[in-house]
Amino acid sequence: MKLLILGSGGREHAYAHLLSKSSLTEKLFVTPGNAGMLSCAETVSIPLNDFDALYRFCAENSINTVLPGPEDPLVAGIADFFAQRNAESGLNIRVAGPDAASARLEGSKDFAKAFMERHHIPTARYKTFHAENLEEGYRFLETLNAPYVLKADGLAAGKGVVICHQLEEARATLHEMIEEQKFGSASAKVVIEEFLQGIEISVFAVSDGNTWQVLGSAKDYKRIGEGDQGPNTGGMGAVSPVPFADEAFMEKVNNRILKPSFDGLKQEGMPFRGFLFAGLMNCNGDPYVIEYNVRMGDPETEAVLPRLKTDFAAIVDGICSGTLHKLSIEMLKQTAVCVVLVSEGYPNHYEKGLAMSLPEAGPDSMIFHAGTTIKNEHLCTNGGRVLAISSLGDSIHSAASASYDLADRVEYANKYFRRDIGKDLQQDNLRA
Ligand code: AMP
Ligand code: GLY
């Protein structure tokens with residue numbers, strides 16, 4: 001395969017790292033990429049929303065497979081665009097991701113909730129409101145107990161969910177979202193749903209439109225501060241697998257959530273091709289869907305994929321060629337712990353362009369780059385999330401220790417990371 005990866009974060013570096021090691025990969029490009037990918041791929045600079053330019057680049061460079069990292073190009077219909085262009089050109093440039101119809105699972109919360117209702121997939125009770133039935137929305141809030149969960153229907157860069165603890169605050173937020181377009185057109189519709197009490201967990205699966213398989217579970221740490229304090233971020237760390245996602249729990253996830261999701265999409269004429277990320281709440285041992293994403297998570301990918309025994313390139317090829325059934329995806333039993341290093345100030349204001357130096361990673365660890373670049377031949381920070389350091393170990397403790405040992409030896413001004421990734425999942429804490 002000749003591949004083009006879309007994106008520039010730790011997730012895409014993990015993709016590039018695994019693909020570059022496969023004998024199935026003949027040539028690997030990334031746009032826009034980061035400094036870490038320079039050793040395993042050729043980086044180019046084509047905007048991810050310029051499908052025409054992306055298609056031309058693929059055609060000119062004999063690229064036959066595109067692997068999108070983030071959701072935006074998928075929701076905007078890159079798979080449909082390439083299929084249309086292929087029909088015109090006679091080429092077969094494949095996109096390892098869903099078409100726009102099934103990408104609505106992530107692109108529209110209202111679509112996702114209605115889909116789950118149609119297929120009896122466990123999720124919080126909800127109603128959707130817009131400018132025309134806003135008054136009804138205020139009345140609906142009065143029928144719920146606090147806390148109130150309000151979700152912008154469309155993509156809002158991960159910020160579209162507001163949880164309010166007082167009724168007045170929820171009313172004001174609903175007003176701001178719909179009438180004042182707090183999240184632009186993404187909040188023209190708002191889903192209000194029941195608050196689910198439990199522990200969050202993500203489950204990743206892959207499908208070629210015919211069959212599907214589970215990749216694994218992960219827990220991510222979204223808040224900037226230790227003990228889950230402070231503002232939300234893109235993700236400060238991840239652990240895979242999650243100890244409480246045992247066989248019995250995963251069987252419920254498969255039967256109640258993944259199977260009806262993939263079957264439902266197929267029945268409705270939009271078979272899912274790509275990676276499905278189910279964001280779940282474990283409520284007393286029963287999984288409920290909080291959200292779907294139609295791509296892998298970041299930083300969850302950096303904890304899930306190091307555990308992969310199967311050739312990642314074969315999985316990507318299987319998605320595109322409808323041959324996933326020929327693979328039996330296998331994962332290492334070991335645990336991976338990923339610690340994200342950021343620039344102090346993130347997720348608000350932070351500096352970029354700070355000179356960096358990295359330690360040498362041992363065989364069980366990997367330093368994935370996120371916001372890095374090369375300036376005047378020096379490695380520099382280039383974003384809020386700078387690195388994602390992952391290690392494998394026989395326990396959460398040993399994997400975390402290896403990642404923290406490397407994190408401590410990374411040098412750049414204003415380095416910050418959480419020191420409690422995985423602590424809540426360790427046996428002593430679970431028993432406590
Ligand atoms: P989302 O962007 O849908 O993942 O939501 C962001 C965060 O809001 C989730 O990770 C949860 O922590 C929280 N959340 C979303 N929906 C609910 C819900 N129904 N009950 C409790 N927490 C929720
Ligand atoms: N870490 C959450 C996400 O990728 O959406």
Side-chain angles (χ1 to χ4, degrees), residues 7-12 14-15 68-72 74-75 105-113 116 121-128 144-165 170 173 177 183 186-187 190-204 217-224 228-240 242 275-283 286-305 338-340 342 347 368 370 384-385 388 390 418 421:
S8 61
R11 167 181 52 204
E12 290 79 14
Y15 286 170
E71 63 277 16
D72 306 71
L74 294 166
V75 172
L105 280 187
E106 178 164 2
S108 166
K109 302 266 190 213
D110 178 47
F111 173 85
K113 296 296 286 190
M116 287 186 266
I121 295 166
T123 187
R125 281 190 305 124
Y126 84 106
K127 276 196 173 158
T128 302
L144 300 174
N145 296 320
Y148 306 90
V149 182
L150 284 75
K151 300 186 169 182
D153 175 56
L155 292 183
K159 299 192 169 69
V161 176
V162 186
I163 297 184
C164 303
H165 294 274
T173 303
M177 286 171 93
F183 300 105
S187 63
V190 172
V191 166
I192 301 180
E193 69 180 32
E194 214 180 17
F195 184 84
L196 296 172
Q197 203 84 48
I199 310 179
E200 284 187 63
I201 169 173
S202 304
V203 173
F204 297 88
S217 64
K219 179 176 195 287
D220 84 337
Y221 293 77
K222 291 196 168 109
R223 304 295 189 101
I224 187 75
D228 294 327
Q229 302 295 313
N232 257 325
T233 69
M236 296 296 294
V239 174
S240 175
V242 180
F275 297 99
L276 187 69
F277 162 163
L280 308 175
M281 193 70 90
N282 173 359
C283 304
D286 288 319
Y288 287 76
V289 178
I290 293 181
E291 63 166 351
Y292 289 108
N293 294 309
V294 298
R295 49 163 176 90
M296 293 292 290
D298 191 352
E300 293 92 328
T301 302
E302 297 96 294
V304 173
L305 291 191
C338 168
V339 176
V340 174
V342 304
F368 296 115
R385 289 198 288 177
S390 295
R418 278 179 63 163
I421 303 303

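First listed ligand is number 1; within each ligand, the first listed atom is number 1. Since we're looking at a predicted model, the values are computed, not measured.
When the salt bridge (Lys or Arg N to Asp or Glu O under 4.0 Å) test is applied to D72, no partner is found at least two apart in sequence or on another chain. With sequence neighbours excluded, no residue forms a side-chain hydrogen bond (donor to acceptor under 3.5 Å, both in side chains) with T233.
Counting heavy atoms closer than 4.0 Å to ligand 1, residue E194 contributes backbone atoms (N, CA, C, O) but none from C-beta onward. Using a 4.0 Å cut-off between heavy atoms, E300 contacts ligand 2 through its side chain alone, with no backbone atom that close.
In this model, no donor atom of one side chain and acceptor atom of the other lie less than 3.5 Å apart for S202 and K219.
For atom 15 (C) of ligand 1, the nearest protein heavy atom (residue, atom name, distance) is I290 CG2, 3.4 Å. For atom 23 (C) of ligand 1, the nearest protein heavy atom (residue, atom name, distance) is I163 CD1, 4.0 Å. Considering only non-hydrogen protein atoms, atom 2 (O) of ligand 1 sits nearest to V161 CG2, 3.4 Å. Nearest to atom 11 (C) of ligand 1 among the protein's heavy atoms is E200 OE2, 3.1 Å. In this structure, atom 3 (C) of ligand 2 lies nearest to the protein heavy atom R295 NH1, 3.6 Å. Nearest protein neighbour of atom 19 (N) of ligand 1, counting heavy atoms only, is E193 OE2, 2.6 Å.
In the vicinity of D220, heavy-atom distances shorter than 4.0 Å reach the ligand 2 atoms 1 (N), 2 (C). Taking every non-hydrogen atom of G297 and a distance limit under 4.0 Å, the qualifying atoms of ligand 2 come out as 4 (O).
Put simply, no part of Q197 is less than 4.0 Å from ligand 1, judged by heavy atoms. Ligand 2 does not have G235 within reach: every non-hydrogen atom of the residue lies 4.0 Å or more from it. For the pair G234 and ligand 2, a heavy-atom separation below 4.0 Å is found.
A donor-acceptor contact shorter than 3.5 Å is absent between the side chain of E302 and the backbone of C338. Without hydrogens or angle criteria, K113 side chain to A124 main chain gives a donor-acceptor distance under 3.5 Å. In this structure a side-chain-to-backbone donor-acceptor pair under 3.5 Å is present from R418 to R223.
Contact of the D298 side chain with the R385 side chain is registered, since non-hydrogen atoms from C-beta on lie closer than 4.5 Å.
Polar contact check, V149 against ligand 1: no nitrogen or oxygen pair lies under 3.5 Å apart.
The shortest non-hydrogen separation linking E291 to N293 is OE2-ND2, 3.4 Å.
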